[in-house]
Amino acid sequence: MIARLSSTGPSPALDLEPFRLAREEAVLDVRLGPEAFPRLAECVESVLEPVHVEVAFRRDAQGRCRAQGVLRTRVRLRCANCAETEPCDLAAAVDLCVVRSEDAARDLIEEIDTVVIAQATATAAELFEDDLLLALPERPCAELEHCVHAEAYDAFAQRADEAGPAPEREHPFAALAALKRSKAGDGRE
């Protein structure tokens, strides 16, 4: 059975029960205002559209709570090149495992992104806000074509290309490593 939880208008922050949602194989389809993602709101000039959360919860083959989907919104960002603000469409893929302890998270660190939720409920920010923050571009000026400093950036990039690769620098412990290798070859430690 697949349950679909949806909302058409911007919703206030809501408490989610990820483990129950995974048991029910629910699809969360809601739009949440900027107040639901306070760190995102702090990192951008403004959030222009509600965050559209479309995430499916399920149990994987090991019985773990998984959340997979996408988050979409439109924000206004300040460009690191020109300091102008630009609107930017933001899309963040979500693929995470919700666990109850830090130990469980450590066991999965090589395998998948994890979120530790010790209690039964979590907010959308606790579950998904990191994914939104990681999706923020440093320079929202699309391919620098609208950036007022694009010509200066192009000139800098061209000079760097013409200069060629950076020269090899001497490593301070290279002599020590060579000495250690030579002693290891003699059978001495």
Minimum heavy-atom distance between A135 and A91, given as atom pair plus value: CB-O, 3.8 Å

Rounded distance (nearest 0.5 Å) linking atom CG of D107 with atom CD of E102: 11.5 Å

Close side-chain approach of R74 to V47, heavy-atom, < 4.5 Å: no

Closest heavy-atom pair and its distance - P137, C88: CG-SG, 3.7 Å

Student check: side-chain heavy atoms of L133 and L40 closer than 4.5 Å: yes

Over all atoms of both residues, closest heavy-atom pair of V94 and D131: CG2-OD2, 4.0 Å

Nearest-0.5 Å distance, CZ of residue R31 to NE2 of residue H52: 4.5 Å

Of V99, T123, V98, the residue whose pairing with I117 passes side chain to side chain contact (heavy atoms under 4.5 Å, CB included): V98

Any V51 side-chain heavy atom under 4.5 Å of V30 side chain: no

Nearest heavy-atom neighbours spanning C97 and I112: CB-CG2, 3.9 Å

Under 3.5 Å: donor-acceptor pair, side chain of Q119, backbone of T121: yes

Validation row: P50, L32 side chains within 4.5 angstrom (heavy atoms): no

Sub-4.5 Å side-chain heavy-atom contact between D130 and D113: no

F57 CZ to R20 CZ distance, which is reported to the nearest 0.5 Å: 10.0 Å

Atom pair SG/CD of C79 and E84 - distance to nearest 0.5 Å: 8.5 Å

V116 with F128, same ILVMFWY side-chain cluster at under 4.5 Å: no

Note, L96 side chain near R66 side chain (heavy atom, < 4.5 Å): no

Expected output: side-chain T73 to main-chain E49 donor-acceptor under 3.5 Å: yes

SB check E129 R39 (cutoff 4.0 Å): yes

Connected via hydrophobic side-chain network under 4.5 Å: L136 and F37: yes

Quiz item: cation-pi between R100 and F19, 6.0 Å / 45°: yes

Partner set under salt bridge (Lys or Arg N to Asp or Glu O under 4.0 Å) for R78, not counting sequence neighbours: E45

Any L21 side-chain heavy atom under 4.5 Å of R58 side chain: no

Considering all heavy atoms, the nearest C65-A22 contact: SG-CB, 3.7 Å

Flag side-chain contact, heavy atom, 4.5 Å: P87 against L48: yes

